[in-house]
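Just the heavy atoms: all of them, side chains too, but no hydrogens, waters or symmetry mates, feed the values below. Remember, it's a predicted structure, so these values are computed and weren't measured experimentally.
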Amino acid sequence: MLNLRPRRGLALPHRELEAWPALPAPPSRLLLPLRHSRLDQSEPVVRPGQRVAAGEPLSLPLGLAARVVCSPLAGRVRRVDVLSVVHPPLRDGSPRGALPVPCVELDELSAPSLEERTDWQQLERPALLERLRPWGLTGAEGLPLDLELELLSGEARLLVLGVAPAQALQDALLEQVPAALARAVTALCRLHGFRELLLACPPVHSEARRRWLALLEPILPARCVVLRQGHPWDQPRLAALALGRPLPSPRRPLAAQGLLALTLDQLAALELRLSTGLPLPPLVCQLDDLPEPHGLPQPRSCRVLRAWPGTPLSELDPALPQPGEWLVAGLPLEGSPLLEGGTPLLPGHTLLSRLPRLKSPEAEEACIHCGQCLDICPMRLAPIRLVRLAGEERLEEARGLGLEHCVHCGLCSWICPSRVELEDGLRRARQRLREARHGG
Amino acid sequence: MAAEIHLLGPVPLLRRPARTGSLMWRVVLALLPAALLGVAAYGPEAAWMLGACLSGAWLMEVLAGGLRGRSTQKDGSAVLTGLLLALTLPPGLAPGWAFLGGVLAILLGKQVFGGLGRNPLNPALLGRLLLALLAPGALESGLRQPFGWQGGSWLTGAPGAADPLRLFWETRRVLDQALAGLTPRLPADWPQGLDRLDLIQHAQDILSQAGPGQVLWARLPGLLGEVSILALLPGLVWLFTARLVDWRVPAAGLVFLPVGFLLASSGAGGHWLPLALGLRGTSLLLVLCVLASDPVTSPLGQGAKFLFGLLVAAAALLALQLSPQAGGLFWVLLPANLLTPWLDRLLLPGGPR
């Protein structure tokens, strides 16, 4: 039987057990998009009418940047269809574009048994490593990643990550799956509470190293440090790791906070708030019927909502979200603001943080041509140029310049000092391009 | 019928990226030492001129913001424009003209095009160009002896408040013609009746007052921002290391300068170039590192930025070589600004590489 308690960096003090509220029956239907966050779509591998077990893959990756989508509950495939995914409105309330995404609708749902749970976020370390290995990550000095992790003592706060298995593979990874890789690395950092990430790259891979740093630094809570293999300055740090000696910058253990963290993303968000001083999350949404004693005691630091996947937010608490607050779900890398009460809660929306909107919505300003969107784009596109071309209805020209290669990671919108909604502009442009082709 | 599901949104990330306003104010901060040193060197007159430029630009921005119904003065761009304008003006310029320059820079350089981000030309330089057209005499007579206000010039025999660039240009011409055995036409303020050897001696005496030390610490009259390159460097280093200003335009320009210098030195008037660089070196650095690196009016693509830097540096060298005008260095940037869209069309990277 799986032990679902988080293992490292979180030793919860024993608390008085409180009874969980009883859950109603599972939802009658569940709609699952076969596209996780902003990554590539995945291809459905189930047919209508087919019965699926909880955790059974519904789709397989269509590109390297896709992820397997598994069924969170046992049920029957009602339909497989391309549906229109509508995004939350812009800051000024105007609607945003939509993208067609293949979806699987399930019905006749029932609760999974514990053995059926295969959400990778709840996996034991060996199973997690098994999932991570296909991403091409290796340990330092060529060690397998699991061996590398075994070297780390409970006090270690460093992840040593070798990214030089083969130049061709590395190039492919950096070109095609930066978001997915960043996500995997983030998960590792979260899992072990690493405060520093050492990228072990041979000097010949300086370009790859630079791109890794550019990719990871803005999104990781851990500090990225380049480990120059063979460099004398870094050898003592590796030795300290291997010998389990205490390293600089000790972290305040999460256990001292007495918080509840059911899954990795909850742990991640908790750590984010501890490290940045943000207020602690007052809400935890447990989207299953995890029974005692495998579940955790009802915490005193936050309020726990329990529901089945697919339940609209408003059914859990009609007062959510309050005006003037931002409800955020998921990992910092993947987290999405849940702006409307009707938003269905899906696996990944397990932790809800109510963040106050400190400022009034920021108005979009004119582009000052700073070029930061070009620098940060993981696909090395020129987002502002594509948006402008689309604005001039030169869609085919924009397509020739890589419009369809956009992975909608949103980094261009994020970095833009003038708050230009570039990612939404690209989304609309792709939609118009698709319509134009369909019309033609 | 397609159902709709509301799912995605922008990703909350850890770092808060810089905003336009914070970028502008940080550039202002980086340039402040140069402006303060200018005020220290030229005294209250320079402070009035600086204040007039800043207030003219700021008031025009407030007024335009009021007319548009959108307050933009807090983004710092107007203050930056006023500051850049002041740094490129002579310190003794009458405050009225400086105020007008600030107003024109914002009004005709920025607001008529729709505000920040839409201006094709650098507003501060456009303001300077308009001032030079409206009041060339005021600009010429606004030059002052640095530190002279503290009780007279401590550099004996220094030229007065005339533009030393023009003075050296004339002297260089006299010297060249005298060395070639010709009889040069003398400037009006030169002693009459000198023979050829006296002319050469007199010219060499004047030219010896200029030198590379002028860039480090001004001894001759110059613009407000030209007192010392040392006051400019720390701010520029900070701007580049903090990635507040893209390094490509200045890097291309600075790499080109030695090559360009060698090429230009061999041409007509080439031996005049070191003198001009000694006087205008600080301004050249300001042009390359700040004015030409203004993201709004410089190209977007990396290759285009390099080419733009090369063009600006080449044009600046050419302007210094061909003209004794102090403002020539700044004017070459305006046509280069007009080339920006074309450079971007030519060189901006397109698809995934």
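Using a 4.5 Å heavy-atom cut-off against chain A, no residue of residues 75-84 of chain B qualifies as contacting.
When heavy atoms are compared at a cutoff of 4.5 Å, Leu23(B) approaches chain A solely by way of its side chain, counted from C-beta outward.
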TODO: May I have the step-by-step check of side-chain contact (heavy atoms from CB on, under 4.5 Å) for Leu381(A) and Leu401(A), ending in yes or no?
DONE: CA-CA 8 Å; Leu381(A) 302 174; Leu401(A) 294 175; over 6 Å; no
Open item on the list: Apply side-chain contact (heavy atoms from CB on, under 4.5 Å) to residues Leu395(A) and Leu389(A) and explain how you reach the verdict.
Closed with: CA-CA 7 Å; Leu395(A) 291 170; Leu389(A) 284 175; over 6 Å; no
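Under the rule for a side chain to side chain contact (heavy atoms under 4.5 Å, CB included), the partners of Ala30(B) that lie at least two apart in sequence or sit in another chain are Trp238(B), Leu239(B).
The greatest number of non-hydrogen atom pairs below 4.5 Å with chain A, out of Ser293(B), Gly117(B), Ser298(B), is found for Gly117(B).
Counting heavy atoms from C-beta outward, Met60(B) and Lys110(B) have side chains that stay 4.5 Å or more apart.
For the atom pair CZ (Phe330(B)) and CG (Leu89(B)), the distance works out to 8.5 Å, reported to the nearest 0.5 Å.
Judged purely by atom type and a 3.5 angstrom limit, Arg79(A) has no side-chain atom pairing as donor or acceptor with the backbone of Val104(A).
Looking only at atom types and distance, the side chain of Thr340(B) has no donor-acceptor partner in the side chain of Asn337(B) under 3.5 Å away.
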